[in-house]
Amino acid sequence: MYGIALDLGTSGFRLQLIDMENKDIVKTVITTRHPLPGGNVTDHLDFAIRVGEDIANDIMIKTIEYMIRKLPIKSEKINKIVVCGNPIQLSLFQNIEIRDLAYAGKNMQKRLGVEDIERNLNIYYGKDIFVSSPQLHKCEIIVLPSIKHEIGADALAMMIKTDFLKQKKPALVTDYGTNAEMALKVGDRIITGSAAAGPAIEGQGIKCGMLASPGSICDVNQEGDYWRIAVLDQNMLESKGPLINPVTGDILEQGDIQPLGITGTGIVSVICLALSTGLIKNLPNLPNGKLFLGEAIEVNDKDIKEAGKAIGAIRAAHLTLLIEAGVDYGELEYMYMCGASGTYVNADKARKIGLSPGFVKNIVQFGNTSLALAKDVLLGDIELQNVRKLAHRIKADHHMMASSGTFKEIYTCELAYWTEGMPEEDYDMFMQYYKLPKIPPLEIAPIIEKRATKDIEDSGYGGVEIVGNINIIIEEETKGCIECHRCERECPEKAIVNTNKNGNIYADYVAHRCLGMSCKRCVDVCPVRAIRYRDIKVLAM
Ligand code: SF4
Ligand code: SF4
C-alpha cells in the first residue's frame, strides 16, 4: 500500500507518494502557485469569505485530486494521507471555521460567535474530504494539530524538526515563505508571530521571478568585473550559469545552464552584491534602473522595492519578537532557517541584508519541515500521539504583528529604507525616536551550518513533477455586461475572459493566476458594475 505526505503551503502545494512497505519515496508533485486567487493568506481568507468557503475548499480539493492523478499508481492503493500546513490552509482543506483567523479583534469574534476554535489533530475517512473521488473514500486522512488556533501545524513542524525546542539560550526559527511563520524561544517561553512577507520572497511578483525550480537563479557572485550566475539544475542543485556584466548585459561566458528566471534567494544575492559593490548607492535605485542576469533576464528597481518590502516585514517581525520578549539583540544565540527560501538562500548574504538577524551567533539551515513532519508521521517515525501531546504541551503566546505598535514603528523605518532610500543613520535615528533598541553593526561572523542541501531532501526515484498550470476556471455571470472587454485588458495576469453562452455573458477567471481581492482591477474598471466577484462557481478542470 501507499501513503501521501502533503504540505499545503501558501505559495503552493507539495505532495510525496511513499511506498509503505519499504518506506521508499516514489514521487514528488509540486504546484508552482496556490490554486486560490491571491498571493498570500489574507487573499485566500478574503476569497473564501467573499465567495464562500465551499468554493475555496472545492478548488483546493480538486487541485489535490489533480496532483494525485499525476502519481504512477491507482488511487485505490493509497490508504493514508497526512496533511500539514498553516491554520488557514488546513481549515480551508477541512472546510471548517475560518472567520476567527480573518478577524483578529475579540469583540468582532464574539459578535460572530466564533471564539475559541480548537484546531486539534483530526482524522477523517477519505469520503468526508474527497467526496467526488470514490477511489479515495476508504483512505485515512490525518490533519496535524495546531499549537493554538493561530499557531499552526507548520509552526509545530519547524519547532519539532529543528533543535529549537532543545535550546536553552534564546533561539529564533522561521519558515521563510509568502507568510513567514516564526517563533522565539527564551528559556521555557515561546512567542510566535508571522510576517505577511508577500510573494516576492519566493520569486513571485518579480518581473522575471519564479519559484525555486529547475532553471531559476539562486545565487550570484563576483568574478573579476563580472557576475557569475548560479542556476538550479534538474536535480535542484546549484550549477554554473553565465558570467555577465550586470550593468551592460555583456555575456563573457555562457556557463553550463541558462537561467529561465530568478527566485527569491537569487534576489537576496543580487541585492547583497549590488550593495556591497556599490552598484546600489541609494535603495531601490539600480544603475539605469536595472541589472542584467542573463539573456532577457533582469532585475529592476520595482523588483528591489517588492523584495525590500518582504525583507523589511521579516526583519521588523524578528526585532518585534525580541523586543517584546525583553531579549537584548546580543543574547540571540541561534537562528533556524526553514522552507525553500530558508534552505537555498546564502545565509551570510541573507543576514547582511536583514533577512535574518545580523547579530545572531549561529545560523542553521533546514529544508521543508512541514512536508518532513507529515512524512515522519506517515511512516510512524514520529508517533501521532507524541505529536498531539507536544502540540498540547507547548505553551506559546502569539504576537499579532497586525496590531503591534512595535512592529508598526519598525516596519515604517523598513519601508522608508527599502523604498525611499532612507540612509541607515536615519533608520537608527528613528529607532531612537521610537525608544527602540538600535540594530547593532555587522561585527560578528556567525557559524553557519547547512543541514539540508535541498528543501525536499529526497524527491524519490520517480523525481519531481512540477504542475505549473492548475487551470481551474471559476465563473461568474456578468449580468448587464456590454462586452467592452475592458476587464480583460486591465487584468495584469491575463486571468479573465468574457464568454457569451447562448446570450448569457460570463466572466471566466483562471483561479491560480488571478491576484484576488488585493487586485480587484477588473471589478473597478467595469463601467456597468457587471463584475461583482461574488456569485462564483467552479467549472471542472
Ligand atoms: S468591463 Fe464589465 S462590461 Fe466590460 S466586458 Fe468586462 S464585465 Fe463586461
Ligand atoms: S484584474 Fe481581476 S481577474 Fe485579473 S488578477 Fe485582478 S482580480 Fe484577478
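In each ligand, atom 1 is the first atom listed, and ligand 1 is the first ligand listed.
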What residue and atom, counting heavy atoms only, is the protein's closest point to [atom], and at what distance?
| atom | value |
| --- | --- |
| atom 4 (Fe) of ligand 1 | Cys484 SG, 2.3 Å |
| atom 2 (Fe) of ligand 1 | Cys526 SG, 2.3 Å |
| atom 3 (S) of ligand 1 | Ile482 N, 3.5 Å |
| atom 6 (Fe) of ligand 1 | Cys487 SG, 2.4 Å |

Can [X] and [Y] be counted as an ion pair, charged N to O under 4.0 angstrom?
| X | Y | answer |
| --- | --- | --- |
| Lys537 | Glu475 | yes |
| Glu488 | Arg486 | no |
| Asp303 | Lys290 | no |
| Lys62 | Glu65 | no |

Pull out every atom of ligand 1 sitting under 4.0 Å from any heavy atom of [X], numbered as shown with elements.
| X | result |
| --- | --- |
| Ile531 | 7 (S) |
| His485 | 4 (Fe), 5 (S) |
| Val528 | 3 (S) |

task = Quick one: list whatever passes side-chain hydrogen bond (donor to acceptor under 3.5 Å, both in side chains) with Gln94, sequence neighbours left out.
result =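 So Gln94 forms a side-chain hydrogen bond (donor to acceptor under 3.5 Å, both in side chains) with Asn122, Tyr124.
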message = Tell me whether atom 6 (Fe) of ligand 1 has Cys481 as a neighbour, meaning an N, O or S atom of it below 2.8 Å.
response =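 No, Cys481 does not qualify, because none of its backbone or side-chain N, O or S atoms lies under 2.8 Å.
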task = Could you name each residue pair satisfying side chain to side chain donor-acceptor pair (under 3.5 Å) that touches residues 45-54, not counting sequence neighbours?
result =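 Output for this query lists Asp54-Asn95.
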query = Strictly by modelled atom types, are Asn346 and Ser269 linked by a side-chain donor-acceptor pair under 3.5 Å?
reply = no
request  = Output, by chain and residue number, all protein N/O/S atoms separated from atom 8 (Fe) of ligand 2 by less than 2.8 Å.
outcome  = Cys514 SG
query = Counting N and O atoms only, with roles assigned by atom type, does the side chain of Gln135 sit under 3.5 Å from a partner on the main chain of His137, one being a donor and the other an acceptor?
reply =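 Side chain of Gln135 to backbone of His137: no pair is present.
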task = Check whether any side-chain N or O of Ser404 sits under 3.5 Å from a backbone N or O of Met400 as a donor-acceptor pair, and report yes or no.
result = no
request  = Taking side-chain contact (heavy atoms from CB on, under 4.5 Å) as the test, write out the residues that go with Asp524, two or more places apart.
outcome  = Lys520
